[in-house]
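All chains are named by letter (A, B, ...) in the order of the sequence lines, taking the proteins before the strands, and each is independently numbered beginning at 1. Here the structure is a predicted model, which means the values were calculated and not measured.
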Protein chains: 2
Amino acid sequence: MRATIKDVAKLAGVSPSTVTRVIQNSSAISQKTKDLVRKAMADLNYHPNLNARSLVSSYTQVIGLVLPEDSDVFYQNPFFPTALRGISQVAADHNYAIQISTGKNEEQRLEAISQMVYGKRVDGLIFLYSKPDDPLVQLAIQHKFPFLILGKADSPFISLVDNDNIQAGFEATNYFINKGYKNIAFVAGNKELVVSQDRYSGYKNALKSHNIPLDENKVKFVSGFLLEDSSYKISKKLLKQEIDAIVTTDTMVAEGIVKYLNEVGTKLPIISFDSVKPKLDIEAYVDVHAIKLGRVAFNTLHQIISDNKEDKQVCYRRVIPHTITEL
Amino acid sequence: MRATIKDVAKLAGVSPSTVTRVIQNSSAISQKTKDLVRKAMADLNYHPNLNARSLVSSYTQVIGLVLPEDSDVFYQNPFFPTALRGISQVAADHNYAIQISTGKNEEQRLEAISQMVYGKRVDGLIFLYSKPDDPLVQLAIQHKFPFLILGKADSPFISLVDNDNIQAGFEATNYFINKGYKNIAFVAGNKELVVSQDRYSGYKNALKSHNIPLDENKVKFVSGFLLEDSSYKISKKLLKQEIDAIVTTDTMVAEGIVKYLNEVGTKLPIISFDSVKPKLDIEAYVDVHAIKLGRVAFNTLHQIISDNKEDKQVCYRRVIPHTITEL
DNA sequence: CTGAAAGCGCTTACAG
DNA sequence: CTGAAAGCGCTTACAG
């Protein structure tokens, strides 16, 4: 049988409450007692039952990661594993575990989050996506449950960690303008996503600031399960125009275009956004620093959890700088 | 305050034990009582405290995923997110949550797993990697804790779910032999990995069965943090020989070779192994069906957990078929 | 500096 | 078909 706190107490000749205090490294306990208890714990290979602890102390040392609906787009994008890696690195340092949401459809996902929140299985949530009026976010808000969004939020009172995508779109476009290109196309992913819109705003700002007129025929938004295929398809139409360079918001989008260009035997300077160095023959990419996003996300959530204990309601908004890397 | 089982009991006019039985949908309870209790639960928005439940019933409805040491290679390979997706799909159907191990080094990782196992936070573990004499696997074995390896295991008494990599290497090589190629090179990742060895065995078998002599100069193993770079580097040496086609064990390995070939302006038929359609201009790939691997892994672990409750010790070994897809 | 008591929110025999 | 009692393994005031 596994040793319990009582066994440790008995072996050390103290009370269970004293053992708890030793585990908490309470300053009220004498060094002598601490040594005694620690020896007993080691001898018995004692490990506390975390369910019992969570039941009474109502903290879990676990955070929940909320993923979007099961889809190729999300799982094949290196953003997810890279951000996870960042979160996981810092979580480990703080002795936190990570639980991830499961669920194929919204119903299952809501159920999974409910269990985490109501079931007291996690201390806080990080949403790895953002969509307007998400019922899962609503749940967290209603219950004043600590959470944060890795990305954009609709309400200004939601904590988040994100890149400055407007600025990034601006710089990506300037990268080409400064090289003397004038006919710069812009191809983004799903138009509904705030991230596409923001990068598009940056693109427009850049043109404006250099007095280059916006030509909407050079702007495309693609969507669908396989972004490569969608962007491949629009390439033909797009490239009927005179184009010197292309700003894309995503390596998957860039992929489709490159594929088309290769087939027709042309080459054009392309810049894309990514979390890892793209395995694609393009000119440059905007590194969104997903590891850093993940690390800061954990630290911020950790802060929110502490604040929440003290009934403080602070809204954090952290911007992670991007960098443009030439390939 | 959140409603507890007592609140539900009071509102429904029954005892807490009856509420428990209704939740368990026990056949001993009358339909009338069930309806009554369910109404009370709904009215109070009751959700059980899972820590309390786990404390007394000693099951958690959570499984743990054990990741290897934090490294680019693992997180950038689409195998991880794809297998996770499979696991998560089935887990959701069974109302299981997923906890993933954190930790940058072996010490932290061992600590994280200890907390899962000793702390009673999960019912079983899936290892998403396999390495000889892994101390984390040892821990699970010693405590007779339900677990399984997604990949190869050293001991014959460990349950696992895997592809038949020898057969896959055999077929990949035959794919080229059947096209009439004789000078077929083989480039694998880390030589220490069982998966590299197995696919190599398959390669040798295929040559042998067609009476093609094995030329060890045409066989390379690469390793390092960035497999693309390593394989890129060995390409020059490899291609000094007469080579008709190349079998690689990994898209990352294939990438480096393709990069070299592009630079020198050559093209060669290449086959690789992957979990998703490679975004690379190669001839074909062996799809290891990582989603299926994940799905079967969860189901098998689920079975092991049940067996364990009944003190059954069964060792499962499931093979997931691969397929060769031309691009 | 330490201990005895109460309790967290459930479930599990036991009893009827 | 249902309830009262005991207990899972901790921690938290309270008391000294």
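Contact check for B:L125 versus B:F127: side-chain heavy atoms found under the 4.5 Å cut-off. The shortest side-chain heavy-atom distance between B:R53 and B:I23 falls under the 4.5 Å cut-off. A 4.5 Å side-chain heavy-atom check between B:Y75 and B:L67 finds at least one atom pair inside the cut-off. Residues A:Q115 and A:R121 are not in side-chain contact: their nearest non-hydrogen atoms beyond the backbone lie 4.5 Å or more apart.
Applying the 4.0 Å criterion to OP1 and OP2 of C:dT2, one finds that A:S30 has a side-chain N or O inside that range. Put simply, B:S15 has a side-chain N or O that comes within less than 4.0 Å of OP1 or OP2 on D:dG3. Here B:T18 reaches the OP1 or OP2 of D:dG3: one of its side-chain N or O atoms lies under 4.0 Å away.
The nearest whole Å value for the distance from the OH atom in B:Y118 to the P atom in D:dC10 is 14 Å. Rounded to an integer number of Å, the gap from CZ of A:R121 to P of C:dC10 is 12 Å. The nearest whole Å value for the distance from the NZ atom in B:K120 to the P atom in D:dC10 is 11 Å. Atom NZ of A:K32 and atom C1' of C:dT2 are 12 Å apart (whole Å). Summarising the geometry, the separation between CG on B:N49 and P on C:dG7 is reported as 18 Å, rounded to the nearest angstrom. In this structure, the CZ atom of A:R2 is 9 Å from the C1' atom of D:dG9, given to the nearest Å. Spacing between atom CG of A:L50 and atom P of D:dC10 amounts to 9 Å, rounded to whole angstrom units. Note: CG (B:L55) to C1' (D:dC8) measures 4 Å, nearest angstrom.
Side-chain contact check for A:D35 and A:Q31: at least one donor-acceptor pair (N or O, by modelled atom type) lies under 3.5 Å. Between A:Q303 and A:N299, the side chains place no donor N or O within less than 3.5 Å of an acceptor N or O (distance only, hydrogens not considered). Between A:T18 and A:S15, the side chains place a donor N or O and an acceptor N or O closer than 3.5 Å (distance only, hydrogens not considered).
Between A:H302 and A:F298, the ring planes are parallel. Angles under 30° get that label, and only those over 60° would be called perpendicular.
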Please, what dot-bracket string fits DNA chain C when only Watson-Crick and G-U pairs with both distances under 3.5 Å count, crossing ones use [ ] and pairs to another strand use |?
-> |||.||||||||.|||
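At a threshold of 4.0 angstrom between heavy atoms, the contacts of A:T33 are confined to the sugar-phosphate backbone, with no base atom among them. Heavy atoms of A:S58 sit nowhere under 4.0 angstrom from any nucleic acid atom.
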Whether each nucleotide of nucleotides 11-16 of chain D has a protein heavy atom under 4.0 Å at its base (B), only at its sugar-phosphate (S) or at neither (-) is summarised, 5' to 3', as BBB---
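With rounding to the nearest 0.5 Å, the separation of NE2 in A:H47 from NZ in B:K120 is 13.0 Å.
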